[in-house]
Amino acid sequence: MHDQSEETSAIVELVLDYSRRRILADNIPLDKAMTAPELVRLAGNAISEEGLGARRALGLFEHVLAPACISVDHPGFVSFIPAAPTKASIAFDLVVSASAIYGGSWMEGSGAIHAENEVLAFLAAEFGLPPEAGGVFVQGGTVGNLSALVAARHHARATRKARGLAQPDEWVILSGESTHSSVASAAAVMDVRVVRVPADSEGRLSGPGVELALQEHKDSVFAVVATAGSTNLGIVDDIASIAALKDEHEFWLHVDGAYGLAAILVPEMRATFEGVGRADSVIVDPHKWLFAPFDACALIYRDPAAARAAHRQSASYLDPLNEAEDWNPSDLSFQLTRRPRGLPLWFSLATYGVAEYRRSIAASLDLARAIADEIETRPSLRLIRRPDLSVVAFERIGWAADDYARWSAALLDDQRAFVMPSAHEGAPILRFAVLNPRTSVELLVAILDTID
């Protein structure tokens, strides 16, 4: 299995041929899920003592397993938060796997980590964070949020201990009504409580509400989580007014920008994210609006030393790494083993230049506004709110949940698009998440035309 031979050469050629065809395909298949019995019948049992051989195994994947997965890079995939990796980033993801690089320590992967750090420094500067800011690429926003909040609580504990103050009976995270579900999951893992602060008239978490909660929960609050682009409606919290509270109150400000913060690369959008530069930690997912392959979240700390204090692991076999005081990404999240998942983004940015990214993100914003305008011209549709970013939420007047579900299923069955219903204030809605530069206004209008 590990030797160079005619067999291994043939396997590599087979895999590269498939990858080449898929990466360069003009007409990406949308595809759809199969039932478990269907897959059992069609795929059978591929794992055996003798093995199928590479050609049959790849054929099984290409003709049975892959078509049972919806292609998130299809222009008609506008559900959840899509992915649209650049051709360069997909190709370089193959290079990352082929190079067998461990990305956890500087000793073992300094070249890769240098490149990842270049991307993180670029992002930190765009966000307005100081030059000493730094971080790590982790698996996704859930891992990023958990790692940041663990660092936040560790910092709060250490600060109170250094001042000779007692620890509170419970720790509290303040968050908004549109905060991502991963924050509640992180709180459950950490055994802390999440207090939801009521939204302002625009549906945002904002300073006045947070200040009232800070006064109520006092020293129990160790972190406030602001959202820079909610998943469901694309709402950006009033980060500036929340950050201003740091002048009078002591708390860790974490900004979850997994989906939306990439829009700060567009100059006209910078004011929307005012205050991010005062955050203690920030996340953004390159596999969303920065056009990288799954799975990558950039987690950036204002002061990386606070993260090291929380996350650095100690063991006899790790002592040589810890004594060197190098930049070890494994010190900055709870993940020890990691692949250098930031490299595909680095290669894509180096290949195309930042200006191309700015243009592509701006195009998504323009498309979202255009389709929102179109929705407002249709009497049977109601726009939920003007888009802050690139999520366009709307309802079909008079439809119930079953109507939305039937329409969505038929749209996918016809292989036209993937648009999953969602909900807002207890009522069913539809939403377009526009991130893919190959999604067009014509495609979205054609989807609207299918709504009776």
Side-chain angles (χ1 to χ4, degrees), residues 81 120-131 133 141 174-180 197 199-211 224-249 251 253-286 288-291 298 300 302 349 354-373 383-393 433-435 437:
I81 300 295
L120 293 167
F122 156 69
L123 292 174
E126 291 288 320
F127 301 158
L129 292 167
L174 301 182
S175 69
E177 294 178 355
S178 62
T179 301
H180 194 268
V197 177
D200 65 12
S201 60
E202 298 296 320
R204 306 172 301 175
L205 181 68
S206 61
V210 172
E211 185 165 29
V224 177
V225 178
T227 301
S230 64
T231 300
N232 201 37
L233 299 182
I235 296 172
V236 179
D237 287 338
D238 186 358
I239 302 169
S241 68
I242 300 168
L245 297 175
K246 291 173 70 68
D247 295 334
E248 302 292 334
H249 301 272
F251 61 88
L253 176 58
H254 175 62
V255 176
D256 179 355
Y259 147 57
L261 189 53
I264 203 171
L265 270 65
V266 179
E268 69 182 69
M269 295 297 296
R270 292 182 188 269
T272 303
F273 301 98
E274 185 180 350
V276 170
R278 296 196 64 182
D280 296 288
S281 56
V282 175
I283 66 164
V284 64
D285 286 359
K288 292 173 180 167
W289 217 354
L290 288 173
F291 314 122
I300 304 175
R302 184 179 199 84
L349 283 166
V354 178
E356 191 63 33
Y357 274 73
R358 299 191 200 278
R359 283 191 289 269
S360 293
I361 296 169
S364 296
L365 293 165
D366 290 342
L367 177 52
R369 294 166 190 150
I371 203 63
D373 291 342
L383 191 69
I384 302 299
R385 60 180 287 143
R386 293 295 305 180
D388 286 357
L389 300 172
S390 67
V391 172
V392 184
V434 182
L435 275 74

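Keep in mind that what you see is a predicted model, and the values were worked out from it rather than measured. FYI, the numbering just counts along the sequence from 1. What's counted below: heavy atoms across the whole structure, side chains too, no hydrogens, waters or symmetry copies.
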Q. Under 3.5 Å, is there a donor-acceptor pair between the side chain of T179 and the main chain of G176?
A. yes
Q. Roughly how far, to the nearest 0.5 Å, is CG of L290 from CG of L123?
A. 6.5 Å
Q. Which atom names give the shortest non-hydrogen contact between L233 and A393, and what distance separates them?
A. CD2-CB, 3.4 Å
(Q) Please find the pair of heavy atoms, one from F273 and one from G260, that lie closest to each other, and give the distance. (A) CZ-O, 3.4 Å
Q) Which residues satisfy the side-chain hydrogen bond (donor to acceptor under 3.5 Å, both in side chains) test with T231, sequence neighbours excluded? A) none
Q) Given side chains that start at C-beta, do those of I242 and L205 come closer than 4.5 Å, heavy atoms only? A) yes
Q) If we only count heavy atoms from C-beta on, is the W289 to L265 side-chain gap below 4.5 Å? A) no
(Q) Can you confirm whether R385 sits close enough to I235 that some side-chain heavy atom of one is under 4.5 Å from a side-chain heavy atom of the other? (A) yes
Q. Who are the ring-ring contact (aromatic ring centres under 6.0 Å, His included) partners of F127, not counting sequence neighbours?
A. none
Q) Do you know the tightest heavy-atom contact between L365 and V266? A) CD1-CG2, 4.1 Å
Q | Spacing of NE2 belonging to H249 relative to CD belonging to E211, to within rounding of 0.5 Å | A | 4.5 Å
Q: Over all heavy atoms of both residues, which pair between A279 and L129 is shortest? Give the atoms and the distance, please.
A: O-CD2, 3.6 Å
Q. Quick one: CG on L349 to CD on E356, what's the gap to the nearest 0.5 Å?
A. 11.5 Å
Q: Indicate the atoms forming the closest heavy-atom contact of S390 with A368, along with that distance.
A: CA-CB, 3.6 Å
**Q.** Passing option when L261 is tested against V236, T227, V284 for side chain to side chain contact (heavy atoms under 4.5 Å, CB included)
**A.** V284
**Q.** Partner residues of D237 under the side-chain hydrogen bond (donor to acceptor under 3.5 Å, both in side chains) criterion, sequence neighbours left out
**A.** none
(Q) Rounded to the nearest 0.5 Å, what separates atom CG in N232 from atom CD1 in I81? (A) 9.0 Å
Q. If only atom types and distance count, is the side chain of D280 paired as donor or acceptor with the main-chain N or O of H254 below 3.5 Å?
A. no
Q: List in chain and number order the residues that pass salt bridge (charged side-chain N to carboxylate O under 4.0 Å, His left out) with R278, two or more places apart in sequence or in another chain; answer none if no residue qualifies.
A: D247
Q. Salt bridge (charged side-chain N to carboxylate O under 4.0 Å, His left out): which pairs involve residues 261-272, sequence neighbours left out?
A. E126-R270, E268-R369
Q: Indicate yes or no: at least one non-hydrogen side-chain atom of V391 is less than 4.5 angstrom from one of Y259.
A: yes
Q | Point-to-point distance, once rounded to the nearest 0.5 Å, from CZ of R204 to CD1 of I239 | A | 10.0 Å
Q) Do M269 and L389 touch side chain to side chain, with heavy atoms closer than 4.5 Å? A) yes
Q) What is the minimum heavy-atom distance between V210 and V197, and which atoms define it? A) N-CG1, 3.8 Å
(Q) According to side-chain contact (heavy atoms from CB on, under 4.5 Å), who are the partners of A199, at least two apart in sequence or on a separate chain? (A) E177
